[in-house]
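In what follows, a single structure is set out as structure tokens and then discussed.
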Amino acid sequence: MRLLDTLTNKLREVDPVHEGSIGIYVCGVTPYAEAHVGHAMSLIVYDVLVRYLRWDGNSARGYNVTFVTNYTDVDDKLIERAAELNCDPLELASENIDRWEREQVELGIVPPDKRPRVTGEIETITSTIEEIIRQGYAYVTTNGDVYYRVQVKNDYGKLSHREIEGLRAGTRGELGKDKEFPLDFALWKKQKPGEPAWPSPWSNGRPGWHIECSAMAQRYLGDTFDIHGGGVDLIFPHHENEIAQAEAATGKPFARLWMHNGMVQYENEKMSKSTGNLVSVAEALQRWHPAALRLFVLSSHYRGPNNLTEEAMGAATRGIERLEGALKPFKASPDATPLDPEGTRTRFVEAMENDFGTPQALASLFDLARAINRGRAEGFDLGLAQAELQELTSVLGLRLDNITFTEVKIDKIALADTASEFGVDHSGSEVESIITALIERRTIARTEKDFILSDEIRDKLATLHILLEDTPEGTHWSMQS
RNA sequence: GGCCACGUAGCCAAGUGGUAAGGCAGGGGUCUGCAAAACCUUUAUCGCGAGUUCGAUUCUCGCCGUGGCCUCCA
């Protein structure tokens with residue numbers, strides 16, 4: 001598999017440090033507020049990467065993947081926000097993490113293997129800082145802060161492709177109190193009144209932003225590991241500083257390949273809290289199906305920007321329904337010819353191998369869906385083709401089985417009223433059996449050519465978002481968004 | 001101002017030095033009691049200008065536009 005590596009700016013083959021295994025580290029959120037769809041998009045991308053690498057459907061694959069993503073649960077923003085809300089920053093972080101993890105389940109994210117939090121890794125972090133100081137790449141100020149010394153190694157800026165001089169020109173020229181050089185950044189910050197703090201050799205304080213990821217990635221994946229991911233907005237300074245610190249501490253290369261995903265926009269505008277142009281994951285999950293969100297993410301290339309609009313989500317929802325429709329069961333005659341999914345798998349794999357080309361991979365699946373629908377009309381045995389579609393969509397994490405049935409979405413009272421209206425028994429019945437009974441009532445009406453009644457039943461159910469479709473095998477129902 | 005991406009049909013979105021996947025929406029058909037779904041069919045010369053080339057949407061340069069980043073005690 002080839003991915004565009006930010007460090008070399010070239011397509012590079014994923015070449016595991018340890019044969020057959022791949023370690024992936026992705027920067028997670030700073031949980032000072034609820035997660036938004038940008039966070040969801042990022043995680044969906046890496047979730048699919050992990051699923052694909054683990055998948056054994058491609059002869060060369062089936063890697064043993066270790067996926068690590070962190071929570072930076074001590075941070076300036078978190079402390080500020082907690083002060084505004086007049087609550088404890090660590091509790092605030094914990095609450096936001098819990099909510100985000102519940103949402104991840106709804107989004108169909110395979111739980112990462114490790115989800116370390118800064119507050120649980122203070123010793124890991126302080127020992128990494130000690131090592132960096134020992135190597136001469138960091139210094140302790142009289143105040144008790146620790147700064148990384150950017151100028152010692154000559155490769156600072158290699159990831160974001162910037163020169164120290166250029167960066168320096170962009171600074172405000174203020175040389176922080178004890179900083180040796182404007183670009184030096186904090187590894188450890190001495191506690192200020194009211195802030196959470198932990199003991200360290202230099203002062204009671206907390207880790208700076210950046211060091212946590214270097215320390216945690218190396219703890220869980222080794223000094224050198226395979227893939228480091230995150231949003232493009234993290235390339236500088238976060239990842240640049242991460243790579244500097246990590247390599248300063250060990251003298252070894254850090255991540256072998258750096259992968260960055262693009263940002264999500266909402267209705268053509270940057271998502272930002274200040275303008276209120278932001279969609280939370282909770283809101284997105286309420287408005288759209290998780291599979292539709294995932295299809296939306298995968299239908300554009302991971303590195304490009306992705307513009308979330310009503311229209312795009314409508315298209316994604318229809319796309320899911322289309323894929324789902326192709327998987328509907330079909331009873332072929334015993335002597336039917338099996339439909340051959342032909343080159344679908346090859347196309348799918350080639351697309352994925354080439355810099356994670358999910359849009360093209362999806363195109364191969366939509367083509368297969370069409371072939372299946374055609375084969376259905378022509379009486380082919382669809383088993384093989386449908387199994388293929390099922391397998392490949394599940395590699396992308398698209399849950400298509402019975403996805404439209406969400407009992408909570410059904411207005412049970414209105415449904416019961418509808419049943420009474422048409423003289424159908426609904427006492428103590430399950431939602432599904434009431435619907436089935438209504439369908440039976442309608443089928444009788446249709447047999448009797450009472451199309452006025454049958455249409456009334458169909459229309460009434462439609463107002464409850466229950467869609468009826470008549471097919472040669474009988475009437476099917478599904479939930480409509 | 002600096003660095004980096006991107007600019008393809010009504011919308012979303014791939015891709016290629018030799019006249020452009022897929023999805024949504026729209027038009028026209030088939031099927032259906034009518035629908036729905038499905039199937040068939042139809043809709044682009046690839047931001048603008050110049051250059052390289054037998055030939056560029058695909059390479060180079062300029063311009064315009066959009067987006068990201070340009071640090072922590074904002």
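What you are looking at is a predicted structure, and each value in this text was computed from that prediction instead of being measured. Chain identifiers are assigned alphabetically (A, B, ...) following the order of the sequence lines, protein sequences preceding nucleic acid strands; residue numbering begins at 1 within each chain.
- Remark: the separation of the C1' atoms in B/rC73 and B/rG2 is 25 Å, to the nearest Å.
- Classified by interplanar angle (parallel below 30°, tilted 30° to 60°, perpendicular above 60°), the ring pair A/Phe254/A/Trp258 is tilted.
- Between A/Arg51 and A/Asp47 a salt bridge is recorded (basic side-chain N to carboxylate O distance below 4.0 Å).
- Comparing the C1' positions of B/rU42 and B/rG49 gives a spacing of 34 Å, expressed to the nearest Å.
- There is a side-chain donor-acceptor pair under 3.5 Å between A/Ser160 and A/Glu240.
- Along RNA chain B, the nucleotide closest to A/Phe366 and the one closest to A/Lys192 are compared, and the more 5′ of them pairs with A/Phe366.
- Of the C1' atoms belonging to B/rG29 and B/rG62, the separation is 50 Å, rounded to the nearest Å.
- Comparing B/rU66 with B/rU71, their C1' atoms sit 25 Å apart, to the nearest whole Å.
- Relative orientation of the A/Tyr148 and A/Tyr137 rings is parallel, given thresholds of 30° and 60° on the angle between their planes.
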- Note on the structure: Once base and sugar-phosphate atoms are separated, protein heavy atoms under 4.0 Å mark nucleotides 36-45 of chain B, 5' to 3', with B, S and - as BSSSS-----

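- Residue A/His238 is classed as having no contact, given no heavy-atom separation below 4.0 Å to the nucleic acid.
- Rounded to the nearest Å, the gap between the P atom of B/rG7 and that of B/rA36 is 37 Å.
- A salt bridge is absent between A/Lys460 and A/Glu456: the closest approach of a Lys/Arg side-chain nitrogen to an acidic carboxylate oxygen does not fall below 4.0 angstrom.
- Taking atom C1' in both B/rC24 and B/rA14, the straight-line distance is 15 Å, to the nearest Å.
- At a cut-off of 3.5 angstrom, the base of B/rC34 holds at least one donor-acceptor pair with the side chain of A/Arg458.
- Looking at residues 444-455 of chain A, you'll see A/Arg446, A/Phe451, A/Ser454, A/Asp455 sit with a heavy atom under 4.0 Å from some atom of RNA chain B.
- Using a 30° and 60° split on the angle between ring planes, A/His210 and A/His238 fall in the tilted class, from 30° to 60°.
- Comment: A/Arg256 does not engage A/Glu13 in a salt bridge, judged by the lack of any side-chain N to carboxylate O separation of less than 4.0 angstrom.
- Within residues 337-365 of chain A, the residues having any heavy atom under 4.0 Å from RNA chain B are, by residue number, A/Pro359, A/Gln360, A/Ala363.
- With rounding to the nearest 0.5 angstrom, the CH2 atom of A/Trp198 is 12.0 Å from the CD atom of A/Glu121.
- Ion pairing of A/Arg318 with A/Glu321 is present here, as a side-chain N (NZ or NE/NH1/NH2) and a carboxylate O approach within less than 4.0 Å.
- One C1' atom belongs to B/rC64, the other to B/rG47, and the distance between them is 8 Å to the nearest Å.
- A salt bridge links A/Lys189 with A/Asp76; the closest basic N to acidic carboxylate O contact falls under 4.0 Å.
- Judged by closest nucleotide on RNA chain B, A/Ala316 is the one of A/Ala316 and A/Leu234 placed further toward the 5' end.
- The pair A/Glu80-A/Lys77 does not meet the salt-bridge criterion, since no charged nitrogen lies less than 4.0 angstrom from a carboxylate oxygen.
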